[in-house]
2 protein chains.
Amino acid sequence: MEALPRDTIVDVLEERLREDILAGRHPVGSLLPPERRLADGYGVTRTTLKHAFGRLVQAGLLETRHGVGTRVRDFARLGGADLLPMLIRHSPDWIGEIFEVRRSIGALIAERAAERATPAHRAELAVRLAEVRAAEGGEGVQLADIEVHRALARATGNRVYVLLTNTLFNAYLPVRAALVSPFTDPESAYRRLEPVVAAVTAADRAAARAAAEEYLTETERLMMDGLRKKEEG
Amino acid sequence: MEALPRDTIVDVLEERLREDILAGRHPVGSLLPPERRLADGYGVTRTTLKHAFGRLVQAGLLETRHGVGTRVRDFARLGGADLLPMLIRHSPDWIGEIFEVRRSIGALIAERAAERATPAHRAELAVRLAEVRAAEGGEGVQLADIEVHRALARATGNRVYVLLTNTLFNAYLPVRAALVSPFTDPESAYRRLEPVVAAVTAADRAAARAAAEEYLTETERLMMDGLRKKEEG
DNA sequence: AGTGGTTGAGTGGCTGAGCCACTGGACCAC
DNA sequence: GTGGTCCAGTGGCTCAGCCACTCAACCACT
């Protein structure tokens, strides 16, 4: 069982500051109020506020300069893909765009994997795929499913594809996890993944690309349907 | 002129901790020494250490649990593409892999841009391209060059491509900036970019992809050559 | 023996007061 | 004008201390 620590004050404060920034209450390019005043306003110590600031600076949302102040960065223009999880939480309309990119890159990865997977990579793919079918519990299936995609990315022989896969997963996984079927049914997950792994294992680039595209298109459709139903219900 | 604030203690400490982690002196999955001891070891206050910790947690390198300790995350398996800048600083052999991905995604972006750029997007591309030629000073050319790529990403109509472009740029830009020619000569930069913009403006998908691929292959060659020379010299 | 509650050492979370270092505009002397 | 000085306001950092949480050892009762 996974221990679930409850949010700390810094977590809450960070989230609130982030929300205030993303909502434009602290406009891009503007100087935030001084730390002492802001800390007072949020009812926390300056030290605590600075911890939250530190994270937001790291995330690329803020920029502090000694003796001057703290400025809101133009994250929409300059930010990296690691902003996606917070952007999607603030406005879910990003999901369509994320998924288009996921589809293109997923196809790219499958093609490269088919081209360059070593025997060891193929063996790992087989294992990961089997684990999907054998997984118990909805959460287990989802985790096993992700491992198949990580293995596909690893099979390209290019570690950057693994990182990219993680970035995109981090962006839309919380959304996906909120839906139930069909990501939690072992047999259904297995059936949808199998053709991709088969094509990669067969070293058939075109088939791998096509299978990945089909899989990801289907996944997108399932997610969008699930979201729509959730909205209505 | 850009003000260049010198590193703060937290910056230095963060870098040192990061280096210790990436070098495996704090193995993945292991528990770090307690904050009090570690702070003492680095000769800083616990508060300062915690500020550095906060950033590394945000970056996905550490994981703290109240009452237990701070653990080193398996960033190679679970990390996102935002880790690239620090990974490349620690071991430059990432650059080849980064550039392969940049090439594939750059081609993808050019193709999508050719497919979907609006008249407004085309106008912006023309402006950005002209700015490259008109830029003065090596740094100015490099910045203008980046703006062309951002404009290309924007022209896809998908904001995720912009974020992805930024992520990859952030990864290898420091390396590129260390080289001199040909990224600092306005005329040479213009000549290399022009065919890509022309193909996108002409809405010719295949030509756009081909031009982008050629541009990026050439860029990679120039960077690798530059690095090799630097190594020798 | 087995079960369940209690305790305490060790850990990170957070505070508040205080001093230091930097920036930039106002002011002054020339 | 020009250049220098000053100072109010800002973020950087420290310190000492208390709080909250976790886990394993221990104990009391069955």
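None of the values given here were measured: they were computed from a predicted structure. Chain naming here is simple, since letters A, B, ... match the order of the sequence lines and numbering starts at 1 in each.
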Could you check how far [atom1] of [X] sits from [atom2] of [N], rounded to whole Å?
| X | N | atom1 | atom2 | result |
| --- | --- | --- | --- | --- |
| E63(A) | dG11(D) | CD | P | 14 Å |
| L62(A) | dG12(D) | CG | P | 11 Å |
| L38(A) | dG9(D) | CG | P | 18 Å |
| R65(A) | dC22(C) | CZ | P | 13 Å |
| R37(A) | dT10(D) | CZ | C1' | 12 Å |
| L13(B) | dG12(D) | CG | P | 15 Å |
| R55(A) | dG13(C) | CZ | C1' | 11 Å |
| E35(A) | dA17(C) | CD | P | 17 Å |

Quick one: is [N] close enough that its OP1 or OP2 comes under 4.0 Å of any side-chain N or O from [X]?
| X | N | value |
| --- | --- | --- |
| T45(B) | dC15(D) | yes |
| K50(A) | dC13(D) | no |
| T64(A) | dG12(D) | yes |

Between G67(A) and T47(A), whichever has its closest DNA chain D nucleotide further toward 5' is G67(A)
Inspect the contact between [Y] and [X] and indicate whether a charged nitrogen and a carboxylate oxygen are less than 4.0 angstrom apart.
| X | Y | value |
| --- | --- | --- |
| D40(B) | R37(B) | no |
| R128(A) | E131(A) | yes |
| R192(A) | D145(A) | no |

So, does the side chain of [X] form a donor-acceptor pair with the base of [N] at under 3.5 Å?
| X | N | value |
| --- | --- | --- |
| R36(B) | dG12(C) | yes |
| T8(A) | dC14(C) | no |
| R46(A) | dG12(D) | yes |

Quiz prompt | Distance-only side-chain donor-acceptor flag, T8(A) / D11(A), under 3.5 Å | solution = yes
Upstream residue (5' side of DNA chain C) when H51(A) and P34(B) are each assigned their closest nucleotide: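 Looking at the nearest nucleotide for each, P34(B) comes out on the 5' side.
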Residue pairs passing the salt bridge (charged side-chain N to carboxylate O under 4.0 Å, His left out) test with at least one member in residues 72-88 of chain A, sequence neighbours excluded, are R77(A)-E147(B)
H66(B) stacking on dA20(D): centroids under 5.5 Å, ring planes under 30°?
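The ring of H66(B) is stacked on dA20(D).
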From the options dT11(C), dC14(C), dG16(C), select the nucleotide whose nearest atom is closest to the side chain of I9(A).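 Comparing dT11(C), dC14(C), dG16(C) against the side chain of I9(A), the answer is dC14(C).
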